[in-house]
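Scroll down for the structure; my scribbles are underneath it.
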2 protein chains.
Amino acid sequence: MSKFDEIMKRSGYSKATVSRVINHSPYVSDEARQIITDIMKQLNYIPNRNAVSLSTGQTKQIGIVTSTTGEIILTFMNQFIDTAMDFGFQTIIYTSRGDPEIELQAFEDLRSKRVDGLVIIACVNDPRKLKAYMEYGPIVSWQRMGNDEIPSVAMDQAEGYKLALEHLFSRGYTRIANAFGRAESLNTQSRREAFESFMKSRRLHVWTEAYQYSVFSSSDGEEAMRRMAEGPELPQAVLCSNDYAAIGILSEARRRNIQVPEQLAIVGFDDIELSRVLGITTIHNPIAEQSTQAFHQLWAVLGKTELKTEQLTYQLIERDTT
Amino acid sequence: MSKFDEIMKRSGYSKATVSRVINHSPYVSDEARQIITDIMKQLNYIPNRNAVSLSTGQTKQIGIVTSTTGEIILTFMNQFIDTAMDFGFQTIIYTSRGDPEIELQAFEDLRSKRVDGLVIIACVNDPRKLKAYMEYGPIVSWQRMGNDEIPSVAMDQAEGYKLALEHLFSRGYTRIANAFGRAESLNTQSRREAFESFMKSRRLHVWTEAYQYSVFSSSDGEEAMRRMAEGPELPQAVLCSNDYAAIGILSEARRRNIQVPEQLAIVGFDDIELSRVLGITTIHNPIAEQSTQAFHQLWAVLGKTELKTEQLTYQLIERDTT
DNA sequence: TTGTAAGCGTTATCAC
DNA sequence: GTGATAACGCTTACAA
């Protein structure tokens with residue numbers, strides 16, 4: 001006999017009343033509540049979550065889909081886990097390592113009611129395929145996905161990029177190189193456009209020969225610095241796809257005795273912990289806030305509440321590399 | 001009507017037979033299997049995991065309890081997630097951030113049958129309190145906990161330390177400093193003993209004045225290096241509690257123009273990615289393997305199978321800092 | 001090889 | 001306020 005039944009028996013009350021006490025329903029006499037609560041304590045009772053989930057159709061679990069983990073993603077995840085917990089939700093992590101099959105597991109779990117909703121940090125399956133799962137529960141993505149088939153909390157990185165450009169310009173740097181990420185990504189496109197329109201509006205030379213692509217990690221950054229140093233002309237400043245790239249560029253520049261920022265200014269992106277330690281000027285990316293928004297967006301449909309979003313903004317963090 | 005019922009109806013078979021097909025029971029005629037499988041496909045059927053869990057008493061979910069996340073812990077977690085997945089288990093992460101209440105949630109989840117088992121990476125509650133939860137499901141810890149109240153897959157770090165010592169000794173370094181972690185931790189104790197007995201056996205001076213404690217992060221390492229440099233006598237070599245500490249010591253040494261390894265040799269611990277990039281000699285810690293062992297230990301009781309453990313060993317990784 | 005029926009532990013909808 | 005009773009969707013003896 002389950003503990004639930006035991007409570008019924010001992011208290012003399014029915015299933016329904018016991019359930020009401022468990023769920024803090026107001027329609028219970030103080031006496032009944034007292035008696036039942038006591039017995040529950042006595043029995044060290046805790047409800048079986050599977051039974052509750054089966055009955056209510058809610059698991060109070062949300063999945064996070066990602067292919068890899070690193071500091072930036074961790075920032076997003078940790079914040080999400082915290083926010084979710086405040087609302088009584090647990091977070092379960094699906095790391096696909098780039099395998100579409102494994103990734104799909106997360107979506108099948110939404111279908112099989114193992115999770116109530118899903119957050120996509122990075123995914124490898126075709127967005128159109130994933131879109132089909134939206135009928136089984138709310139899904140929200142961090143980054144913009146394809147043609148907005150799936151809602152996202154993405155910000156336009158061009159805004160951040162402009163901040164960096166204005167800063168460099170005000171400091172007198174005009175010969176500016178760019179270390180971009182994936183050439184075809186929406187973010188890169190957006191940044192490139194921002195750069196070009198800014199430079200043109202100031203009647204400055206758009207130095208497309210100094211565009212570098214696929215600069216993600218610090219070793220990519222080192223590599224990028226090498227190419228710049230061995231090129232015909234050193235730029236006065238570099239804008240980086242992220243802080244890791246900036247770290248690589250900075251350390252390789254030091255190795256080559258290039259003075260930063262006198263000979264070369266460096267601006268990172270994201271504002272990770274390490275860039276604070278190393279004194280790298282960067283653009284603060286409100287990742288934690290985006291994460292919170294992601295949860296709120298799910299919660300709006302799960303809890304049938306209003307969604308209130310506030311506009312988030314990037315911020316320039318001036319440090320020693322400019 | 002649920003899809004399950006729909007399948008019953010359409011196929012004309014009973015609940016039991018449908019269930020048998022779902023679970024690949026051999027006691028089904030080919031015909032029945034065929035018909036039912038077809039209808040399942042047609043209906044795009046997937047079992048409700050809550051119902052399955054309620055019925056079987058198994059969730060196929062395992063929780064990982066940790067207070068923080070970082071590269072080392074991530075290594076352990078990622079490997080665990082992979083291994084678990086191979087056995088059809090999902091992993092759910094509980095990050096307590098040092099809050100005992102939040103941490104306890106994970107254990108309550110074991111009790112409420114949300115997870116089948118638990119792995120402890122780092123915890124803040126009293127081991128004796130946690131031990132009480134072992135009656136609800138298997139629990140295994142990465143590090144040794146208290147008086148072995150909870151089983152662990154820990155290794156004796158002294159073994160790794162000896163490797164480092166022998167290496168330094170063979171290279172002729174005898175004036176050796178130690179940058180330990182938490183002064184009272186079992187690991188530190190174990191390392192200190194290993195150090196002292198090694199030195200004594202070689203009739204070398206045990207330089208206790210050069211013991212430094214609470215050196216965890218790279219900035220702790222920088223701090224430690226500062227103290228060493230400002231001390232009366234520079235050691236010939238430093239043994240570090242982990243690679244981060246080694247990184248800090250290395251970078252601060254460079255800043256002070258102390259030649260590594262000519263004036264100062266450095267040995268890290270764990271063998272993280274960054275120490276490979278930076279060329280730091282270190283002791284390889286088989287973290288992924290310990291993680292796998294942790295799962296196997298849980299699986300032994302969940303799957304009622306034999307537990308086969310192989311002895312893991314540390315390994316010296318010689319690089320540029322010695 | 002198949003079916004019947006009794007769980008699994010809750011919640012939810014009625015009446016009273 | 002309280003209590004029957006029917007879901008929730010699936011597994012598993014036990015029979016046949």
Side-chain angles (χ1 to χ4, degrees), chain A residues 1-37 39-40 43-61 88 108-116 136-137, chain B residues 1-37 39-40 43-61 88 108-116 136-137:
Chain A
M1 189 171 49
S2 72
K3 283 196 181 168
F4 190 103
D5 291 332
E6 180 74 24
I7 297 171
M8 277 177 60
K9 275 262 172 64
R10 293 208 198 171
S11 68
Y13 285 97
S14 70
K15 261 179 158 57
T17 301
V18 172
S19 178
R20 286 188 191 101
V21 171
I22 293 171
N23 296 290
H24 305 101
S25 156
Y27 308 115
V28 186
S29 66
D30 287 349
E31 194 196 347
R33 192 185 308 283
Q34 192 57 55
I35 294 176
I36 292 174
T37 307
I39 300 178
M40 275 170 28
L43 256 39
N44 195 17
Y45 170 78
I46 191 172
N48 179 314
R49 298 265 250 137
N50 298 310
V52 176
S53 291
L54 177 59
S55 194
T56 60
Q58 288 232 311
T59 56
K60 292 286 194 173
Q61 289 195 151
E108 288 295 308
D109 272 11
L110 182 62
R111 209 152 80 81
S112 65
K113 304 215 180 299
R114 164 112 302 178
V115 294
D116 295 337
Y136 302 108
Chain B
M1 188 171 50
S2 71
K3 284 196 182 168
F4 190 104
D5 291 333
E6 181 74 24
I7 296 171
M8 277 177 63
K9 275 264 172 62
R10 292 209 200 171
S11 68
Y13 284 96
S14 70
K15 258 181 159 57
T17 300
V18 171
S19 176
R20 288 187 190 104
V21 171
I22 293 170
N23 296 291
H24 305 101
S25 156
Y27 308 116
V28 186
S29 66
D30 289 350
E31 195 195 349
R33 190 184 309 282
Q34 191 58 53
I35 295 175
I36 292 173
T37 309
I39 299 177
M40 275 171 26
L43 257 39
N44 194 19
Y45 171 78
I46 191 171
N48 180 314
R49 298 264 250 138
N50 298 310
V52 175
S53 290
L54 176 58
S55 195
T56 60
Q58 288 233 308
T59 56
K60 292 287 194 173
Q61 288 195 152
E108 289 295 305
D109 273 11
L110 182 62
R111 207 151 82 81
S112 65
K113 304 218 179 297
R114 164 112 303 178
V115 294
D116 295 337
Y136 303 107

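Each chain gets a letter, A, B and so on, in the order its sequence line appears, and its residues count up from 1.
- Less than 4.0 Å separates DNA chain C from no heavy atom of any residue of residues 24-37 of chain A.
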Any N/O pairs under 3.5 Å between the protein and nucleotides 4-8 of chain C? List them or say none.
unit_1: C:dG7; atom_1: N2; unit_2: B:S55; atom_2: OG; d: 3.1

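- For B:D30, the side-chain contact (heavy atoms from CB on, under 4.5 Å) test picks out no residue, with sequence neighbours left out.
- The OG1 atom of B:T17 lies 10.5 Å from the CZ atom of B:R33; values are rounded to the nearest 0.5 Å.
- Axis orientation changes by 30° from one end of the helix from C:dT1-D:dA16 to C:dC16-D:dG1 to the other, with each end axis drawn from 5 pairs and the value rounded to 10°.
- When the side-chain nitrogen and oxygen atoms of A:N50 are compared with OP1 and OP2 of C:dT10, none of them lie within a distance under 4.0 Å.
- Not counting sequence neighbours, the partners of A:R111 by the side-chain hydrogen bond (donor to acceptor under 3.5 Å, both in side chains) test are A:E108, B:N44.
- Contacts of B:D5 classified as side-chain contact (heavy atoms from CB on, under 4.5 Å), with partners at least two apart in sequence or in another chain: B:M1, B:S2, B:M8, B:K15.
- When DNA chain D is scanned in the 5' to 3' direction for atoms under 4.0 Å from non-hydrogen atoms of chain A, the outermost contacting nucleotides are D:dG1 to D:dG9.
- Residue pairs satisfying the salt bridge (Lys or Arg N to Asp or Glu O under 4.0 Å) criterion with at least one member in residues 16-29 of chain A, sequence neighbours excluded, are absent.
- Residues meeting the side-chain hydrogen bond (donor to acceptor under 3.5 Å, both in side chains) test with B:N50, sequence neighbours left out: none.
- Evaluation of the side-chain contact (heavy atoms from CB on, under 4.5 Å) rule for B:A51 yields A:L54, B:N48 as partners, not counting sequence neighbours.
- The residue A:I7 sits apart from the nucleic acid: no heavy atom pair falls under 4.0 Å.
- Distance CD1/A:I39 to OG/A:S11: 5.0 Å, rounded to 0.5 Å.
- Going from atom OH of A:Y45 over to atom C1' of C:dG9 covers 7 Å, rounded to whole Å.
- Remark: B:L110 CG to B:Q61 CD distance equals 12.0 Å, nearest 0.5 Å.
- Between B:T59 and A:R114 the shortest side-chain heavy-atom distance falls below 4.5 Å.
- For the side-chain hydrogen bond (donor to acceptor under 3.5 Å, both in side chains) test, residues two or more places apart in sequence or in another chain that qualify with B:E6 are B:R10.
- Residues meeting the side-chain contact (heavy atoms from CB on, under 4.5 Å) test with A:S55, sequence neighbours left out: none.
- Contact of the A:Y13 side chain with the A:I7 side chain is not registered, since no non-hydrogen atoms from C-beta on lie closer than 4.5 Å.
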